[in-house]
Amino acid sequence: MDRIAGVIVAAIGLIVAILSITGVMPGLTQPGIMFILLGGLIIGLSFIDKPESDGAERMSTPATLGNMFVSPTEVFRNLRRHPRWLVAVLIMSALSATYTTLFVERLGVERVANYTIDKTLEMPIMNDQAKQQVESTRASTIADAKNPVIRAGQAVSGFAMSVFGFTFLALVFMLFAMAMGGSLNFWQAFAAAVYAYFPYSVIRFVLNTLVLHLKDPAEIHPIIGQQTLIQDNLNFLVFPADNPILYTLLGSISILGFYWLWLNSTGLKNAGERVSGSTAWTASIGIYLLLVILGVI
């Protein structure tokens, strides 16, 4: 069934890409390509066996999602025998797309698009020719930001990117556990990575949405605000334009970030067959530091 689903997803992506390139559905080339790649990924992952259930009862999906906030250890132990991920990733992708839509509507499409273009033009690497090219796309960029079809395509691309991201995390966690003498099936690692991020994603969405509607839109940064409006870290100590590296480093010291770190280590420890607490924490901290380094770069 996974293999058939992968073929269907890839076929849909191919059709969308062709329709976009030929001008029938302009602006959807990237989502089409992303769906082709996602279909190929699903086909490839379908060859990986899932762990035996050993007669363990499967927790329902609503119970799995709800218990992640109150009893994550129980959920991860159930995911050890019944790993799954699709519904959680769909919900997180929908929340991300919803926040982006609310953010743009709250601040105004023109303000967000014009600010982004103006900042691009200020980059030192921009020569006169590059500036003219960017300036020539201003009207089309604003029009695309107002196009609901293109925005839906961006949401689809976001879902595909999420799946690729969790696949990368699962591979790293699985290889790390094996190197440390543990036993962690790929699907166990994948489910742990997805569900560890789920509460973090939901809480971020709720808090960001509240701040977005309580704060004066004039005080919200059109670019940084799209990432987060929650001040649960130390980056308020510096101005991002003055010291972007220190701003990024201080931003990684956050309450929600540490919450995700704890959930991730809890998931690896309880979703795997033989994964010690030290191995789970080391793998989680290693990934966390890698993300911080990439952010700094």
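- S93 contributes no side-chain N or O that, together with a main-chain N or O of L90, makes up a donor-acceptor pair within less than 3.5 Å.
- Here the CD1 atom belonging to I18 is positioned 13.5 Å from the CG atom belonging to L28, to the nearest 0.5 angstrom.
- Cluster annotation: L171 and L38 are assigned to the same hydrophobic cluster (Ile/Leu/Val/Met/Phe/Trp/Tyr, side-chain heavy-atom contacts under 4.5 Å, transitive).
- A pairwise comparison of heavy atoms in M161 and M34 identifies SD-CE, 3.3 Å as the closest pair.
- Pairing each heavy atom of N243 with each of L246, the nearest pair is OD1-N, 3.1 Å.
- One finds no salt bridge joining R80 and E52 here, because no Lys/Arg side-chain nitrogen approaches an Asp/Glu carboxylate oxygen to under 4.0 Å.
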Inset, instruction - Apply side chain to side chain contact (heavy atoms under 4.5 Å, CB included) to V296 and L249, showing your working. - result: CA-CA 7 Å; V296 169; L249 286 173; 3.7 Å; yes
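- With salt bridges taken as basic N to acidic carboxylate O contacts below 4.0 Å, one links E273 and R81.
- A side-chain donor from one of T29 and S20 sits under 3.5 Å from a side-chain acceptor of the other.
- The only option from L207, T209, V202 that meets the side chain to side chain contact (heavy atoms under 4.5 Å, CB included) definition with F205 turns out to be T209.
- Under the 4.5 Å side-chain criterion, counting only non-hydrogen atoms from C-beta, N147 is not in contact with R151.
- No side-chain heavy atom of L268 sits under 4.5 Å from any side-chain heavy atom of W281.
- Connection of L212 to I230 is established within a shared hydrophobic cluster, with ILVMFWY side chains joined at heavy-atom distances below 4.5 Å, either directly or through further cluster members.
- Linking Ile, Leu, Val, Met, Phe, Trp and Tyr residues whenever their side-chain heavy atoms come within less than 4.5 Å places V292 and L234 in a single cluster.
- Of all heavy-atom pairs between V275 and A177, the closest is CG2-CB, 4.2 Å.
- Residues satisfying the side chain to side chain contact (heavy atoms under 4.5 Å, CB included) criterion with M59, sequence neighbours excluded, are A63, T64, N67, E74, V75, N78, R84.
- Rounding to the nearest 0.5 Å places OG of S157 at 4.5 Å from CD of Q30.
- Looking at every heavy atom in both residues, P31 comes nearest to G153 through CG-O, 3.3 Å.
- Atom CZ of F258 sits in a crowded spot, with more than 12 heavy atoms from other residues, nucleotides or ligands closer than 6.0 Å.
- Across all non-hydrogen atoms, the minimal contact from Y195 to A88 is CZ-CB, 4.0 Å.
- Atom-to-atom distance recorded for W260:CH2 and S254:OG is 10.5 Å, nearest 0.5 angstrom.
- Side-chain atoms of H82 come within 3.5 Å of backbone atoms of A56 as a donor-acceptor pair (strictly under, hydrogens ignored).
- Transitive grouping of hydrophobic side chains (ILVMFWY, heavy atoms separated by less than 4.5 Å) keeps V24 and I36 in distinct clusters.
- The two residues G277 and K269 make their nearest non-hydrogen contact at CA-CD, 4.0 Å.
- Using a 4.5 Å cut-off on side-chain heavy atoms (C-beta onward), F69 and I203 make contact.
- Listed for the Q188 side chain is a donor-acceptor partner under 3.5 Å among the backbone atoms of N185.
- Side-chain atoms of Y115 and R111 form no donor-acceptor pair, as typed in the model, at a separation below 3.5 Å.
- Between atom CD of residue E135 and atom CG of residue D128 there is a gap of 12.5 Å, rounded to the nearest 0.5 Å.
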Legend entry - Check against side chain to side chain contact (heavy atoms under 4.5 Å, CB included), I42 and R3: CA-CA 7 Å; I42 294 174; R3 217 159 296 164; over 6 Å; no
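- With sequence neighbours excluded, the residues satisfying side chain to side chain donor-acceptor pair (under 3.5 Å) with Q231 are N233, N235.
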Inset, instruction - Apply side chain to side chain contact (heavy atoms under 4.5 Å, CB included) to the pair F198 and L263, showing each step before the final yes or no. - result: CA-CA 10 Å; F198 179 75; L263 282 173; over 6 Å; no
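- When ring centroids are compared, F176 and F173 stay outside the 6.0 Å threshold.
- Counting heavy atoms from C-beta on, the side chains of I117 and T141 come closer than 4.5 Å.
- Annotation: side chain of V89 is not in contact with side chain of Y197 (no heavy-atom distance under 4.5 Å).
- Counting only distance, with no hydrogens or angles, the side chain of Y99 and the backbone of T228 share no donor-acceptor pair below 3.5 Å.
- The closest side-chain heavy-atom distance from Q226 to V112 is below 4.5 Å.
- Between the CD1 atom in I224 and the CD1 atom in I220 there is a gap of 12.5 Å [rounded to 0.5 Å].
- The pair D118-R138 meets the salt-bridge criterion, with a side-chain N (NZ, NE, NH1 or NH2) lying under 4.0 Å from an Asp/Glu carboxylate O.
- Under the 3.5 Å distance criterion, with hydrogens and angles disregarded, no donor-acceptor pair is assigned to the side chains of S46 and D2.
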Legend entry - Verdict with supporting geometry, V134 and M126, side chain to side chain contact (heavy atoms under 4.5 Å, CB included): CA-CA 9 Å; V134 172; M126 299 292 293; 3.4 Å; yes
Legend entry - Steps toward salt bridge (charged side-chain N to carboxylate O under 4.0 Å, His left out) verdict (E110, K146): CA-CA 9 Å; E110 287 81 3; K146 295 180 178 180; 2.6 Å; yes
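- Under a hydrophobic-cluster definition in which Ile, Leu, Val, Met, Phe, Trp and Tyr are linked whenever side-chain heavy atoms come within less than 4.5 Å, directly or via other members, M25 and I12 are assigned to the same cluster.
- Within the 3.5 Å criterion, the main-chain N or O of I48 finds a donor-acceptor partner in the side chain of W187.
- For an aromatic pair to be called close, the ring centres must be under 6.0 Å apart, and F190 with F186 satisfies this.
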Legend entry - Derivation of the side-chain hydrogen bond (donor to acceptor under 3.5 Å, both in side chains) call for T279 and S276: CA-CA 5 Å; T279 299; S276 65; 2.8 Å; yes
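- Residue S96 holds its OG atom at 11.0 Å from CD of Q154, rounded to the nearest 0.5 Å.
- In this structure, the side chains of L14 and F35 stay at 4.5 Å or more apart for every pair of heavy atoms.
- With hydrogens and angles disregarded, a donor-acceptor distance shorter than 3.5 Å links the side chain of N127 to the backbone of A130.
- Put simply, the side chain of M178 does not reach to within 4.5 Å of the side chain of L184, judged on heavy atoms.
- At most 12 non-hydrogen atoms from other residues, nucleotides or ligands lie less than 6.0 angstrom from CD1 of I255.
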